[in-house]
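A short write-up of the structure that comes next.
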Amino acid sequence: MNFALLIVVSLTAIVLVTAALGIARLISPRSYNPQKGEAYECGMPTRGQSWMQFKVGYYLFAILFLMFDIETVFLFPWATVVRDLGVVGLINISFFLFVLVLGLGYAWKKGALEWM
C-alpha cells in the first residue's frame, strides 16, 4: 500500500475538518441567555426537578427490541441463498433461531417484556 497517499488523505481530512470547525466558530452567532440552560418540555415551565428517574424496564425493553430486530435482519441474506446452502444452511439457521428463541424465553422468564 502506498503510505504517501494515506498520509495525504489523512492530512487533507484533518485540515478540512479543522477549517470547517474554525469557520463555524467564527461566523456562528453568540449570545448567552440563562433560559437556554433550562429543561424544555413542550413550552411549559417545568415543575420540580427536571432530572427524574425512569424505570430501567423501558430501556431494557428497547434494547431487547433492537437486539431481536437486528437478529431478524440476519435472516434476509439467508433467505436469498437458501437453495444454494442446502441442508447445512438449514441446520445453521435452525441453530441460530434456536438460540434466538432461547434468548427470548430467558427475557420472558425474567420479566423483561412486562411494562408494569
Starting from the C-alpha separation in whole Å, work towards a yes-or-no answer on side chain to side chain contact (heavy atoms under 4.5 Å, CB included) for Leu75 and Leu97. CA-CA 9 Å; Leu75 293 175; Leu97 289 174; 4.0 Å; yes

Candidate pair Trp78 and Val82, rule side chain to side chain contact (heavy atoms under 4.5 Å, CB included), full reasoning: CA-CA 6 Å; Trp78 172 80; Val82 66; 3.4 Å; yes

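Between atom OG1 of residue Thr72 and atom CG of residue Leu100 there is a gap of 8.0 Å, rounded to the nearest 0.5 Å. Separation of atoms OH (Tyr106) and CG (Leu64) is listed at 11.0 Å; rounding is to 0.5 Å. Put simply, CG on Leu16 and CG on Leu21 are 11.0 Å apart, with the number rounded to the nearest 0.5 Å.
Leu104 and Phe98 end up in different hydrophobic clusters when Ile, Leu, Val, Met, Phe, Trp and Tyr side chains are linked at under 4.5 Å. Connection of Ile70 to Ile93 is established within a shared hydrophobic cluster, with ILVMFWY side chains joined at heavy-atom distances below 4.5 Å, either directly or through further cluster members. Under the 4.5 Å side-chain contact rule for hydrophobic residues, Val99 and Met67 do not share a cluster. One hydrophobic cluster, built from ILVMFWY side chains closer than 4.5 Å, holds both Leu85 and Phe96.
By the 6.0 Å contact criterion, CZ on Phe68 is enclosed, its count of non-hydrogen atoms from other residues, nucleotides or ligands being greater than 12.
In plain terms, the two heavy atoms of Val8 and Thr12 that are nearest each other are O-OG1, 2.7 Å.
Remark: side-chain polar atoms of Thr18 are not paired, donor with acceptor, to backbone N or O of Val15 under 3.5 angstrom. In this structure a side-chain-to-backbone donor-acceptor pair under 3.5 Å is missing from Arg25 to Ala20.
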